[in-house]
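One structure is given here, and the rest of the page talks about it.
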Amino acid sequence: MRKYKISPGEKVRLSEVATAPGKLHDEEELREKLAACVEEISALQYRLYAENRRSLLIILQGMDSSGKDGTIKHLMRGLNPQGTQVHSFKHPTDLELEHDFLWRHIQKIPQHGEIAIFNRSHYENVLICKVHPELVLAERRPGIDTVKKVDKKFWKERYEQINGFEKGLVRNGIEIVKFFLHLSFDEQRDRFFARLDNKEKHWKFSAADITERGFWPEYQKAYEQALEHTSTKKAPWYVIPADHKPFTHLQVARIVLEKLRKMDPQFPPEDKKETALLQKARKQLKQGM
């Protein structure tokens with residue numbers, strides 16, 4: 001999995017990074033491997049929930065139609081809903097704009113024992129806001145009253161805020177793994193056509209998608225800068241080829257599985273008093289209680 005990982009400080013040029021696997025893969029074989037990964041993830045999730053001391057935050061970012069929803073669907077299959085949460089962040093509400101940009105994300109961080117997935121995240125504040133800096137003005141930041149003031153210093157400070165936020169989460173037992181689903185310009189076009197050709201998928205398409213597609217180079221640059229400035233040792237970014245969906249799903253699942261294996265959650269230890277109570281309960285059940 002190291003080939004997908006962005007090292008701290010590494011320069012990123014997305015135009016030089018593959019958006020598809022280097023060779024053809026049998027889709028049925030990929031699905032079988034994915035099922036095996038999800039089965040082990042489910043077992044580790046159960047232990048994480050029982051341990052009730054740490055949690056895992058999975059962040060998914062990508063261009064429109066990069067496959068975030070489908071990745072979540074396949075990753076969550078077989079997991080216990082009681083210990084998982086999925087949060088999708090759209091345009092901030094009036095209430096959310098009354099707080100700093102991290103506030104609404106802080107409300108959704110996973111509880112002890114949970115796995116949470118952010119479908120888009122606090123990174124939108126250095127992505128769409130980087131491409132459309134006028135959106136920053138809605139935050140009413142002190143001293144930021146014109147687009148001209150949303151400058152290099154502003155973005156440097158925002159990257160630092162994000163890194164500090166994530167560092168604090170990790171220190172408090174919330175492990176983080178971040179995925180950028182790297183889609184090609186041509187594949188996005190094909191997926192948009194597929195949505196337009198299928199009435200059941202019209203709801204997933206918006207005229208704004210075409211507008212934002214016109215900013216493709218600007219988004220690629222914004223992603224490159226975000227990846228460079230916020231991939232850290234404790235909260236790394238992984239750039240996953242997204243043109244081939246089954247391949248994408250498997251790579252994400254493998255990395256999540258690797259993370260949970262390293263976390264190695266354990267069932268709570270039983271003390272002598274608890275063991276005695278369990279033995280007493282067993283004895284009572286055998287006696288017909």
Side-chain angles (χ1 to χ4, degrees), residues 1-2 4-5 28-62 66-89 104-123 165-181 231-240 242 245-271 274 278:
M1 299 298 103
R2 282 195 290 268
Y4 301 126
K5 189 175 183 179
E28 185 59 34
E29 182 182 356
L30 291 173
R31 292 189 184 96
E32 290 175 359
K33 290 180 178 179
L34 175 63
C37 278
V38 171
E39 183 177 0
E40 188 173 351
I41 289 172
S42 179
L44 287 165
Q45 179 219 4
Y46 182 70
R47 281 163 45 185
L48 183 70
Y49 187 76
E51 183 187 69
N52 198 32
R53 286 182 174 273
R54 294 173 292 168
S55 53
L56 177 61
L57 174 59
I58 300 168
I59 292 172
L60 287 175
Q61 290 285 161
S66 60
K68 298 180 291 296
D69 291 344
T71 298
I72 292 170
K73 174 183 174 182
H74 286 84
L75 184 62
M76 299 288 284
R77 186 173 293 165
L79 301 189
N80 185 347
Q82 190 174 13
T84 54
Q85 299 286 336
V86 178
H87 304 289
S88 180
F89 296 96
R104 64 174 179 157
H105 307 286
I106 293 170
Q107 313 306 307
K108 304 299 183 182
I109 60 174
Q111 300 178 28
H112 292 324
E114 281 189 346
I115 295 176
I117 301 177
F118 282 5
N119 182 355
R120 300 188 186 273
S121 66
H122 45 288
Y123 282 96
F165 168 58
E166 293 179 353
K167 185 177 181 179
L169 294 183
V170 174
R171 282 183 171 177
N172 284 280
I174 301 172
E175 297 290 333
I176 303 171
V177 61
K178 304 179 291 196
F179 297 99
F180 169 56
L181 304 188
S231 193
T232 62
K233 184 177 180 180
K234 294 294 185 180
W237 275 105
Y238 292 87
V239 178
I240 307 297
K245 293 179 181 180
F247 181 83
T248 304
H249 302 156
L250 178 58
Q251 305 320 308
V252 171
R254 281 175 166 171
I255 294 169
V256 170
L257 175 57
E258 181 182 26
K259 183 68 173 180
L260 285 167
R261 283 173 174 169
K262 287 182 178 179
M263 291 175 68
D264 192 25
Q266 300 294 315
F267 292 110
E270 295 177 7
D271 57 25
E274 182 67 21
L278 292 174

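We number each residue from 1, following the sequence as shown.
With sequence neighbours left out, R53 forms a side chain to side chain donor-acceptor pair (under 3.5 Å) with no residue at all. The salt bridge (charged side-chain N to carboxylate O under 4.0 Å, His left out) search around R120 returns D64, E124, not counting sequence neighbours. With sequence neighbours excluded, no residue forms a salt bridge (charged side-chain N to carboxylate O under 4.0 Å, His left out) with E32. Under the rule for a side chain to side chain donor-acceptor pair (under 3.5 Å), the partners of D69 that lie at least two apart in sequence or sit in another chain are N119. For F89, the ring pair (Phe, Tyr, Trp, His ring centres under 6.0 Å) partners two or more places apart in sequence, or in a different chain, are H105, F118. For S121, the side chain to side chain donor-acceptor pair (under 3.5 Å) test picks out Q61, with sequence neighbours left out. Remark: R31 engages E27 in a salt bridge (charged side-chain N to carboxylate O under 4.0 Å, His left out) (not counting sequence neighbours). Legend: residues meeting side chain to side chain donor-acceptor pair (under 3.5 Å) with K259, ordered by chain and number and at least two apart, are E175. Taking R47 as the reference, D264 meet the salt bridge (charged side-chain N to carboxylate O under 4.0 Å, His left out) condition, with sequence neighbours excluded.
Using a 4.5 Å heavy-atom cutoff, the side chains of P265 and R54 are in contact. Q251 is not listed as a side-chain neighbour of Y238, based on a closest heavy-atom distance of 4.5 Å or more.
Residue pairs meeting the salt bridge (Lys or Arg N to Asp or Glu O under 4.0 Å) criterion with at least one member in residues 33-46, sequence neighbours excluded, are E29-K33, E40-R261. For residues 106-117, there are no side chain to side chain donor-acceptor pair (under 3.5 Å) pairs, not counting sequence neighbours.
Between the CH2 atom in W237 and the NZ atom in K5 there is a gap of 14.0 Å [rounded to 0.5 Å]. The line from NE2 of H122 to CD1 of I59 is 4.0 Å long, rounded to the nearest 0.5 Å. Once rounded to the nearest 0.5 Å, the distance linking CG of L48 with CD1 of I41 reads 12.0 Å.
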Donor-acceptor pairs are to be reported for all side-chain atoms of residues 74-82 against protein atoms at under 3.5 Å, with residues two or more places apart or in another chain.
{"residue": "H74", "atom": "ND1", "partner": "G70", "partner atom": "O", "Å": "2.8"}
{"residue": "N80", "atom": "OD1", "partner": "Q82", "partner atom": "N", "Å": "2.9"}
{"residue": "Q82", "atom": "NE2", "partner": "Y49", "partner atom": "OH", "Å": "3.2"}

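With hydrogens and angles ignored, the 3.5 Å screen pairs a side-chain donor or acceptor of K68 with a backbone N or O of G62.
Just one of V86, I176, I255, I117 meets the side chain to side chain contact (heavy atoms under 4.5 Å, CB included) condition when paired with I58; it is I117.
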